[in-house]
Chemist: 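Have a look at this one.
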Amino acid sequence: MDTFFISVVSAVTTTGLISFIVFLCRNWLIERLKASIKHEYDLRLENHKSDISRREKAALIAELVAEWTHPRESTKRLNQLLWELSLYLPSEFVKDLNATISKEQGCKPINDVLVNIRSYLLNGQDPIGPSDIRHFKDPNNPNMISNGGVRT
């Protein structure tokens, strides 16, 4: 009878230990999968936020150039855009942008400035060159030319 009792206790204990180990492994695996999926979605969300931020910055730059190339009654919006861009763009781009907009001697053409900023916003991965950027000539603005630049 003692042997039977020891066999039953041994079987129950072994079964309990194996069940506990399986339970722990199952929970560990489930948590690892959840963490892996969460990490993947967090990366995707961060990339999406980065894309949105990049597009917003690009829109501000486009608006600044559009404001600059067209006659205006007030420079308020032009100043606001330029100041806003100067808060986050690297200093070299701010200097180039200021020189071009101010029509300083020897300044870069606006298409070169746009391509440089675009390359920065895209982390250097950009096949677009200055000759690839086009805009239409405004018949009311003699400073604009239609081949991708603005006369200085």
Chemist: Should Asn116 and Lys108 count as side-chain neighbours, where that means a heavy-atom distance under 4.5 Å?
Modeler: yes
Chemist: For the side chain to side chain contact (heavy atoms under 4.5 Å, CB included) test, which of Asp96, Val65, Asn98 pairs with Val113?
Modeler: Asp96
Chemist: Could you go through Lys38 and Asp42, starting from their C-alpha distance and side-chain angles, then the distance that decides it, and tell me whether this counts as salt bridge (charged side-chain N to carboxylate O under 4.0 Å, His left out)?
Modeler: CA-CA 6 Å; Lys38 182 183 181 318; Asp42 286 348; 2.9 Å; yes
Chemist: Report the C-alpha distance between Cys107 and Lys103 in whole Å, list the side-chain angles of each, state the deciding distance to 0.1 Å, and finish with yes or no for side-chain contact (heavy atoms from CB on, under 4.5 Å).
Modeler: CA-CA 7 Å; Cys107 66; Lys103 298 181 180 181; 5.5 Å; no
Chemist: Within a reach of under 6.0 Å around NZ of Lys95, are more than 12 heavy atoms found that belong to other residues, nucleotides or ligands?
Modeler: no
Chemist: List the steps, then state whether side-chain contact (heavy atoms from CB on, under 4.5 Å) holds for Leu60 with Glu56.
Modeler: CA-CA 6 Å; Leu60 284 176; Glu56 288 172 351; 6.0 Å; no
Chemist: Using 0.5 Å steps for rounding, measure from the CG atom of Leu121 to the CZ atom of Arg54.
Modeler: 7.5 Å
Chemist: Give a yes or no on whether a salt bridge exists between Lys34 and Glu31, defined as a side-chain N under 4.0 angstrom from a carboxylate O.
Modeler: yes
Chemist: Using only atom types and a distance under 3.5 Å, with no angle test, would you say the side chain of Ser119 pairs donor to acceptor with the backbone of Val115?
Modeler: no
Chemist: Main chain of Lys76, side chain of Ser74: is a donor-acceptor contact present, judged purely on distance under 3.5 Å?
Modeler: yes
Chemist: Between Asn27 and Leu24 (side chain of the first, backbone of the second, donor and acceptor by atom type, cut-off under 3.5 Å), is there such a pair?
Modeler: no
Chemist: Sub-3.5 Å donor-acceptor pair from the side chain of Ser36 to the main-chain atoms of Leu33, do we have one?
Modeler: no
Chemist: Please round to the nearest 0.5 Å and tell me the distance separating atom CG of Leu82 and atom CG of Leu87.
Modeler: 10.0 Å
Chemist: Kindly indicate, with the supporting measurements, whether the criterion side-chain contact (heavy atoms from CB on, under 4.5 Å) is fulfilled by Leu85 and Val94.
Modeler: CA-CA 8 Å; Leu85 291 170; Val94 172; over 6 Å; no
Chemist: Got more than 12 heavy atoms from elsewhere within 6.0 Å of CZ, Arg77?
Modeler: yes
Chemist: CD/Glu67 to CG/Leu81 distance, rounded to the nearest 0.5 angstrom?
Modeler: 6.5 Å
Chemist: Using a 4.5 Å cut-off on heavy atoms from C-beta on, say whether the side chain of Trp68 contacts that of Thr100.
Modeler: yes
Chemist: Distance check, rounded to the nearest 0.5 Å: Ile61 atom CD1 versus Glu84 atom CD?
Modeler: 10.5 Å
Chemist: Can any side-chain N or O of Thr69 pair as donor or acceptor with the backbone N or O of Ala66 at less than 3.5 Å?
Modeler: yes
Chemist: How long is the straight-line distance from CG of Leu97 back to CD1 of Ile110, given to the nearest 0.5 Å?
Modeler: 6.0 Å
Chemist: Sub-3.5 Å donor-acceptor pair from the side chain of Asn79 to the main-chain atoms of Thr75, do we have one?
Modeler: yes
Chemist: Got a donor-acceptor contact below 3.5 angstrom from the Thr14 side chain to the Ser10 backbone?
Modeler: yes
Chemist: side-chain contact (heavy atoms from CB on, under 4.5 Å) between Tyr120 and Leu89: does it pass, once the steps are laid out?
Modeler: CA-CA 9 Å; Tyr120 163 74; Leu89 285 177; 4.2 Å; yes
Chemist: Supply the atom-to-atom distance Ser86 OG to Leu64 CG, rounded to the nearest 0.5 angstrom.
Modeler: 10.0 Å
Chemist: Taking all non-hydrogen atoms of both residues into account, name the closest pair between Ala11 and Thr15 and its distance.
Modeler: O-OG1, 2.7 Å
Chemist: Would you kindly confirm whether Leu114 and Leu122 end up in one hydrophobic cluster when ILVMFWY residues are joined by side chain heavy atoms under 4.5 Å apart?
Modeler: no
Chemist: Under a 4.5 Å side-chain heavy-atom rule over Ile, Leu, Val, Met, Phe, Trp and Tyr, are Phe4 and Val12 clustered together?
Modeler: yes
